[in-house]
Amino acid sequence: MSGRITFVGAGPGAVDLITLRGAAALDEADLVIYAGSLVNEKLLERAAKAELVNSAKLSLNEVLERMVSGFRSGKRVVRLHTGDPAIYGAVSEQYRELDRLGIPYDVVPGVSSVFAAAAELKVELTMPELSQSVILTRAEGRTPVPEREAIEVLAAHGATMCLYLSVGEMERLVERLRAGGLPPETPAAVVYRASWPNQKIVRGVLADIAAKVADAGIKRQALIVVGRVLERDGALSKLYDDSFATGYRNAGGSAAFPGRVGVFALTAAGAHKAAEIAAGLEDAEIVLPGKYADLAPAPRLVCYPDGEFSEAFARGWNEYDGLVMVMASGIVVRHVAKLCRAKGSDPAVVVCDAAGNYAVSLLSGHLGGANRLAAAVARITGGRPVITTATDNCGLMAFDELAARHGYRVANPELLKTFSAEMLDGEKFDLAIPQELFERYYAGNPQFRFAGDTPEITIRSTHSGHVLRLVPRRYALGIGCRRGASADSIDALSSRILKERNLCWEAIAVVASAELKREEPGLLAFAQSHRIALRFFRADELNAVDVPNPSAAALAHLGIRSVSEAAALLAAGPGSRLVVEKTAAECVTVALAEVLNG
Ligand code: SAH
């Protein structure tokens, strides 16, 4: 008598995220060989009569032996894999061996962790205009990754990227994504143990995600999602720019709310959300009833006796500049009603639901900064700020959001904070901006005046007189250089070319060269000094590009027909054109391509 072998995808962890077919196979199983710590043991309870074997402790051969002998003695064998077996399931070796032995088997698919993560993030991985492709991949570990699938190469597509097995080396991963051309403000999220009770979500941008993941203590069992599909309408996203080259800034957005904040909650779920919010703000305490005293570490947690919420709220009203209330708005309204006095002195009050979907600016929106506090809270939870003050409600587009969406770089990011605050406070701005963008976001709102149709955006605050500059990143600089060429010589020629075209360094999105220049110190130093991302292309990629000035010498010497022109065109992407053909100085060649579809 012979048995049956069924490979089953267990799903990401939650017991009800297995398929009905997979569950039925478990129900009937005599032997279950399950894959280690990411399979929920509760699922195994289904297999009441089965022998259970954890394959984490077995070699491939031992797993196969168990399966085969089970099969031969008539057992119904389930080989239970996390997520879906087809993704990093190491099933191919098992299939091959069973095929060789002529043993039949079935495969039941499962919900891969990528889909559990997307569900938890509430994100569509394929969004019109942002990305219509999803790349499932991993960073190199013990298992090598083919060179053509290197992170840099895949990142260059700009498609949504989902990375398994890669959270252990976040910093290196971010470097490689950046080297592939993704800007520092590209949104990124990490979901640890998606669908498990101890799931954690960390959201950020490439500039800060590694630090946030380290802070959260996540080292494994997490899925990373990178891409603009993670942008959320309405949430005021912060543009991380050059300031991040010098270090990690708390991205909680508390900079937008200057003051002490008390974050209150009344339920266990609310308390967890309150802890998440408080952790993202610069100066915040969690305020909870005594029964939740164990939920958060002491210095940031203040407890009051159970049942004394009214008293605690009244104390908080006087003590804090802002109150974030993770609870139903009705509770908050009743308590605020008893205490509120004057616009100038009442604290900011923000109400947030326990899931973090909404942060409602309830009281003191402008003067007290509740609008800014709501935006900060929404940024932390990944939810939406709900702003009801008149000017803000016209659908304001924050300037940093504008820059991030349309590929501009903020030349003076230190102004962003006050500009956002002023915008939320209803101040007026004069904008010199491409007319199409003005019409899309600012026309019809008296807060904004059109000051001219210009490619570079300059925004003048009529309140402070300061001018914020957003410079389009629209060019790729292709560089060829001899071995040992100095950063100064590359700089001199590049500066001359930019000057001739009347361009500033901010307009350069990327510097590109040939793969074999990856370690060239002068080139690296040059890109570093201007803080511009570098990309490298292989000889076969470069040789596939049609260029006006191929060089016979380079072909003979390097096997490459053109470095500067081809690299510039490749880095600028499809639809780009050369605006400066190869220009040579002593040991450097430079070409400039314009991104036309950006
Ligand atoms: N076959 C599995 C992947 C196995 S490889 C699937 O389809 O999901 C193991 C990796 O999967 C982990 O390092 C992690 O990156 C990811 N992973 C598995 N379960 C996860 C979960 N519940 N939450 C987040 N990531 C998970």
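Whatever order the structure lists them in is the order used to number ligands and atoms, beginning at 1. The analysis underlying the following values was restricted to heavy atoms, covering all of them including side chains, and did not include hydrogens, waters or symmetry mates.
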Flag, side chain of Asp306 to backbone of Lys291, donor-acceptor distance under 3.5 Å | yes
Out of Val77, Leu80, Val63, Leu58, which one pairs with Val53 under the side chain to side chain contact (heavy atoms under 4.5 Å, CB included) rule?
-> Leu58
Passing candidate, salt bridge (Lys or Arg N to Asp or Glu O under 4.0 Å) with Asp27, options Arg46, Arg21, Arg76, Lys49 | Arg46
Close-range residues for ligand 1, whose non-hydrogen atoms fall below the 4.0 Å threshold | Pro12, Leu38, Thr82, Gly83, Asp84, Ile87, Tyr88, Ser112, Ser113, Tyr164, Leu165, Val191, Arg193, Ala194, Trp196, Gln221, Ala222, Leu223
Matching residue for Leu177 among Leu182, Ile209, Ile224, Leu154 - test: side chain to side chain contact (heavy atoms under 4.5 Å, CB included) = Leu182
For a side chain to side chain contact (heavy atoms under 4.5 Å, CB included) with Val261, tell me which candidate from Val377, Leu323, Val350, Leu281 qualifies.
-> Leu281
Could you go step by step and tell me if Lys42 and Glu45 meet the salt bridge (Lys or Arg N to Asp or Glu O under 4.0 Å) rule?
-> CA-CA 5 Å; Lys42 290 221 176 83; Glu45 287 169 13; over 6 Å; no
